[in-house]
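Remarks on the structure that follows.
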Amino acid sequence: MAPRTQSWKAFPPECPDEKRLLATCLRKVKDCTDLTQQQVAAECGIATSTLNGYLNARNQPTSEMLRRIYHVVKKDADLSGVLLPHSLRELEAILSSQTDDLRPASQKPAVRISHRSHGTKYARRRRSRANKRVRVPVPPLRGDRHPHTVLGGGWTGLETLIDRLLRHQTQDAFFMIWQSAMTLPAPEIPNVVASCRSAGLSDAADAVITNAARRDLEAVLLIAACFHEAHQYEDATLLLSSATVAASAARGS
């Protein structure tokens, strides 16, 4: 049975990106069941208005409530043979990113590359690339822009990312990188990375990879396979190396 897609209300313009992202993912998960909001809320032991608030980004669920909602939907979706678009781990990562100051360092989104995380091999590679690029490229006038040759025609979010960097909206830029790494389908990740590298944003490309490495094991392996298909072998190696470091940190915490 195909997932049912209901008509959702538009988020209010003042809604923060973080709340909008979690609510959007929750909506996609909810679309995978024919259970009504009333039925899901009843199974979770909450009021329908409370669940509606989560789905419309008016408020945020606790970690425990997020797990309840997910398991109720997954149980029904499994009976229908429908795969959920996001894992519980991904949703928990999105929720926990909104309380960054309360989390241990090992659970925070990786937005920068630690030179000691991947050994001297990657440090040398990054230094070599750094000598060949400008830190934050200034986009030329629109009429003078020359398209870069990247996979799939280029990442559509690249100009937005560059604009945020040029405006020194660093936090917004890092969130955009993290959001892309954690939510885009595996086949799109190599295109995002290639687009960033083509624009001279190799730090951003590495950050996409290290964030994607924190997804669940199945997603990481699928992304690595997509890197191989795109002949981005160094990126595949960095992804797997980052995933190993993240897994080790999680076990040690």
Side-chain angles (χ1 to χ4, degrees), residues 8-28 54-61 66 86 89-114 126 129-130 133-142 145 148 150 152-185 188-215 223 235 239 242 246:
W8 296 102
K9 294 180 181 178
F11 296 116
E14 67 274 10
C15 179
D17 286 345
E18 296 88 345
K19 288 188 175 181
R20 189 189 303 265
L21 174 60
L22 180 60
T24 298
C25 294
L26 276 176
R27 287 177 174 186
K28 291 180 180 179
Y54 300 153
L55 294 169
N56 287 288
R58 289 195 301 272
N59 45 55
Q60 301 285 268
L66 181 63
H86 300 287
R89 181 179 176 183
E90 290 174 352
L91 295 182
E92 289 177 327
I94 295 172
L95 176 62
S96 63
S97 72
Q98 298 173 36
T99 55
D100 195 24
D101 292 338
L102 302 179
R103 293 179 293 137
S106 62
Q107 296 177 356
K108 294 180 180 180
V111 294
R112 290 191 183 274
I113 304 293
S114 169
R126 285 191 296 274
R129 285 201 299 260
R133 69 175 185 266
V134 178
R135 269 308 207 196
V136 179
V138 178
L141 296 176
R142 187 169 296 275
R145 291 184 184 175
H148 295 284
V150 294
W155 176 38
T156 56
L158 181 61
E159 288 199 11
T160 301
L161 177 62
I162 293 176
D163 181 68
R164 290 179 179 179
L165 290 171
L166 291 175
R167 293 175 184 272
H168 303 289
Q169 298 172 347
T170 308
Q171 185 175 355
D172 290 340
F174 284 164
F175 178 77
M176 184 177 179
I177 290 170
W178 179 82
Q179 177 182 355
S180 301
M182 295 298 293
T183 63
L184 288 177
E188 295 184 26
I189 299 296
N191 191 31
V192 174
V193 172
S195 295
C196 288
R197 296 207 191 287
S198 178
L201 299 175
S202 288
D203 284 344
D206 287 347
V208 171
I209 294 172
T210 53
N211 277 293
R214 295 181 174 231
R215 294 172 68 162
I223 295 170
D235 292 330
L239 174 73
S242 299

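From a predicted model like this one, the values you see are computed outputs, not experimental measurements.
Going from atom CZ of Arg58 over to atom CZ of Phe11 covers 11.0 Å, rounded to the nearest 0.5 Å. Between atom CG of residue Leu161 and atom OG of residue Ser195 there is a gap of 10.5 Å, rounded to the nearest 0.5 Å. Atom CD of residue Glu90 and atom OG1 of residue Thr183 lie 8.5 Å apart, to the nearest 0.5 angstrom. For the atom pair OG1 of Thr24 and CH2 of Trp8, the computed distance is 10.5 Å after rounding to the nearest 0.5 Å. Residue Ile189 holds its CD1 atom at 7.0 Å from OG of Ser180, rounded to the nearest 0.5 Å.
Summarising the geometry of Leu158 relative to Cys196, their closest heavy-atom pair is CD1-CA, 4.3 Å, with the distance given to 0.1 Å. The shortest non-hydrogen separation linking Arg20 to Pro13 is NH2-O, 3.9 Å. Considering all non-hydrogen atoms of both residues, Ala181 and Asn211 come closest at CB-CB, 3.5 Å. Between Ile177 and Ala204, the shortest heavy-atom distance links the atoms CD1-CB, 3.8 Å.
Counting heavy atoms from C-beta on, the side chains of Arg89 and Arg215 never come closer than 4.5 Å. Side chains of Ser242 and Asp206 form no contact here, defined as non-hydrogen atoms less than 4.5 Å apart. The closest side-chain heavy-atom distance from Trp178 to Ile94 is below 4.5 Å. Annotation: side chain of Leu26 is in contact with side chain of Leu66 (closest heavy-atom distance under 4.5 Å).
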Show the numbers, then the answer: is there a side chain to side chain contact (heavy atoms under 4.5 Å, CB included) between Asn56 and Arg27? CA-CA 9 Å; Asn56 287 288; Arg27 287 177 174 186; 2.8 Å; yes

Which is it for Leu201 and Leu165 under the side chain to side chain contact (heavy atoms under 4.5 Å, CB included) test, yes or no, and what are the steps along the way? CA-CA 10 Å; Leu201 299 175; Leu165 290 171; 4.0 Å; yes

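Salt-bridge formation is detected for the pair Asp235/Arg197: a Lys NZ or Arg NE/NH1/NH2 atom is positioned less than 4.0 Å from an Asp or Glu carboxylate oxygen.
Each of Gln171, Glu159, Met176 was checked for a side-chain contact (heavy atoms from CB on, under 4.5 Å) with Arg164, and the lone residue meeting it is Met176.
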